[in-house]
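Working notes, beginning with the structure itself.
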Amino acid sequence: MDKLAPFGGGTAAVATGEPFRFQLLVEIANFGDLRRQLGCQRADLLAGLVSERIGRVMPTASVAIIGRTQIACGFRGSRGDAMDGHIVALDKAFERPFTLDDQSVTILLTFGGASAPAANVDEVAMVEQAEAALAEARTAYRAVTHAVVPRTASDTLRLARELDQAIDRDELVLHYQPKVHVRRQEITSAEALVRWRHPTRGLVMPNDFIPVAEECHLIDRMTLWTIRRAIADQRDLAARGHDLRLFINIAGQLLADTAFVREACALVGGSDAKLGFEITETSVIRDPASAIANLQIFADFGITIAIDDYGAGLSSLAYLKQLPARELKIDKLFVTQLTSSNRDPLIVRSTIDLAHALEMEVVAEGVETHAALALLTVMGCDMVQGFLISRPVVLPSLIQYLDEGRHRVPAPDPLAGFGGFAASRRQA
Ligand code: C2E
Ligand code: MG
Ligand code: MG
């Protein structure tokens with residue numbers, strides 16, 4: 001990414017009446033096939049051809065080749081959704097094949113982008129969101145754009161007002177990330193992760209609006225919306241033969257909110273949906289007495305309690321023992337560094353043993369590599385979740401994923417089988 005041409009100052013952009021900045025990553029989706037067709041040397045020319053044509057379609061953009069398969073474009077626009085129009089134009093322009101040494105070559109592209117108000121750009125967040133969007137686009141088979149939302153005081157208030165309306169207008173959407181049971185080689189549950197389909201900013205990620213929802217007391221309404229949606233989705237899944245438990249993230253402040261607890265229980269009690277709640281340890285430490293009492297109420301309603309991000313915050317063994325939790329999720333910080341650090345494998349192993357001693361199942365989140373998966377399997381980890389298996393996806397994609405049933409393919413040994421499962425998902 002460091003070869004990217006700079007965009008220039010944000011204030012200038014506002015002065016020219018173009019208050020939004022965009023970072024679009026364009027990837028050659030069929031590079032592997034084309035390399036087979038053309039050979040390595042000629043395939044290496046493809047990124048240059050793509051960047052030239054992008055430059056012609058978007059003459060004001062700064063276009064940079066950032067690898068054999070990726071091209072980055074930076075540009076400005078007057079509306080937050082200006083990128084959509086450019087993607088349509090690029091898609092159209094690339095329908096026309098290239099001619100390379102008398103051979104006709106059709107290049108298929110994947111688009112991932114990020115947008116942000118030009119006056120207030122966090123460069124790193126912008127690049128990270130564009131990369132995350134591209135990764136999502138690879139499995140979603142469509143262009144994905146994320147919005148980077150700044151957080152000044154007035155932005156927070158505006159965002160809160162918009163979020164308030166977004167809940168009523170059903171602009172929120174749940175993406176589901178499966179959790180796979182290692183020994184059973186089965187997807188037994190999935191986690192619901194909320195996103196906001198903002199009418200002009202594109203897809204806003206939870207870290208950009210959950211803090212605002214918490215600060216502006218919208219988190220209860222948002223979470224009740226999430227529970228309602230998950231109940232409907234769980235019913236839909238069960239009707240299609242996939243009776244998975246769906247886990248919802250519950251913010252710490254809600255564990256002491258009696259009105260929320262009452263309404264959440266009324267929703268869950270009035271349905272036969274199989275749900276779980278993910279809570280962090282830190283949320284219990286805030287007001288342990290009411291949190292533990294309310295978690296017990298949830299558990300009595302048949303809701304499975306999972307402790308999220310274990311190890312990331314303040315851990316207290318005293319509370320851990322008192323929680324009616326059935327699952328412990330090891331924070332992805334330990335999992336992503338599992339194979340590169342000396343200390344993290346020890347922490348993960350002892351956490352797995354501790355959770356088992358407390359009769360909890362262990363979920364490792366953030367499993368990104370086969371090496372981490374293999375190590376976790378040997379350590380006795382019960383469930384895994386992470387990009388290696390699947391990114392969070394919309395409900396229809398989850399259903400398709402389950403319908404294909406590739407994870408049920410029998411394997412000669414658990415490690416090989418699981419590796420095969422993960423590999424087949426990545427190709428899908
Ligand atoms: P979380 O509950 O710990 O969710 C896991 C986050 O890690 C998700 O980010 C997920 O996309 C990401 N992730 C999953 N697998 C991998 C992996 O292999 N590698 C890496 N690097 N990351 C992975 P996301 O969706 O951006 O959510 C961020 C956080 O926002 C969540 O963390 C959760 O705390 C919060 N959140 C999401 N949805 C809700 C919600 O409905 N209510 C509340 N209160 N919080 C939510
Ligand atoms: Mg979670
Ligand atoms: Mg987590």
Side-chain angles (χ1 to χ4, degrees), residues 80-81 115-117 120 122 125 129 145-177 191-234 246-271 273 275-280 282-287 290-291 294-295 297-298 303 305-306 308-309 313 392 394-395:
D81 57 357
S115 63
N120 196 351
D122 175 342
Q129 286 302 336
T145 54
H146 288 174
V148 180
V149 183
R151 288 203 212 119
T152 63
S154 69
D155 282 330
T156 300
L157 279 180
R158 191 156 49 90
L159 202 66
R161 267 199 306 274
E162 287 178 1
L163 181 59
D164 199 19
Q165 292 171 350
I167 299 169
D168 293 333
R169 293 178 185 162
D170 258 0
E171 283 171 19
L172 300 182
V173 61
L174 294 183
H175 284 193
Y176 290 99
Q177 188 178 34
E191 177 178 7
L193 293 154
V194 71
R195 279 95 178 85
W196 177 6
R197 278 203 190 116
H198 192 284
T200 56
R201 288 184 176 143
L203 197 70
V204 185
M205 299 302 278
N207 288 338
D208 283 322
F209 67 88
I210 301 276
V212 175
E214 290 186 346
E215 205 178 314
C216 302
H217 307 290
L218 292 168
I219 191 72
D220 50 347
R221 232 157 64 69
M222 193 209 85
T223 308
L224 291 170
W225 178 92
T226 310
I227 295 173
R228 271 188 219 102
R229 185 70 262 155
I231 288 173
D233 289 348
Q234 209 278 332
L246 296 183
F247 281 80
I248 296 160
N249 289 281
I250 304 291
Q253 72 192 68
L254 296 176
L255 294 184
D257 180 338
T258 38
F260 169 79
V261 173
R262 202 176 45 241
E263 285 185 62
C265 288
L267 285 176
V268 178
S271 79
L275 292 188
F277 285 174
E278 295 195 3
I279 54 120
T280 61
T282 322
S283 61
V284 174
I285 290 168
R286 215 182 280 181
D287 180 357
S290 50
N294 287 330
L295 285 174
I297 294 175
F298 290 142
I303 299 166
I305 306 296
D308 204 357
D309 303 340
V394 290
L395 184 71

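Everything numeric in this text was worked out from a predicted model, so none of it was measured.
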message: Under the side chain to side chain contact (heavy atoms under 4.5 Å, CB included) test against L255, which residue among L295, T280, D287, V261 passes?
response: L295
- request: Among T226, I231, D233, find the one that has a side chain to side chain contact (heavy atoms under 4.5 Å, CB included) with L246.
  value: D233
Please report the closest heavy-atom contact between [X] and [Y], naming both atoms and the distance.
| X | Y | value |
| --- | --- | --- |
| A160 | C216 | CB-SG, 3.6 Å |
| D208 | L159 | O-CD2, 3.6 Å |
| V284 | A291 | CA-CB, 4.0 Å |
| L224 | A264 | CD2-N, 3.8 Å |
| I167 | W225 | O-CD1, 3.9 Å |
| A230 | Y176 | CA-OH, 3.7 Å |

task: Give a yes or no answer on whether the side chain of S115 reaches the backbone of R201 with a donor-acceptor pair at less than 3.5 Å.
output: yes
message: Please check this pair: side chain of T223 against backbone of I219, looking for a donor-acceptor N/O pair closer than 3.5 Å.
response: yes
message: Please evaluate residues R195 and L193 with respect to the criterion side-chain contact (heavy atoms from CB on, under 4.5 Å), reporting the C-alpha separation (whole Å), side-chain torsions for both, the decisive distance (0.1 Å), and the verdict.
response: CA-CA 7 Å; R195 279 95 178 85; L193 293 154; 3.5 Å; yes
message: For R221, is there an ion pair with E263 - N to carboxylate O distance below 4.0 angstrom?
response: no
field: R229 with D170: basic N within carboxylate O range, under 4.0 Å
entry: no
task: Could you grab the distance from atom CZ of R197 to atom CD of E171, nearest 0.5 Å is fine?
output: 10.5 Å
From CA spacing to verdict: side-chain contact (heavy atoms from CB on, under 4.5 Å), W196, L203: CA-CA 6 Å; W196 177 6; L203 197 70; over 6 Å; no
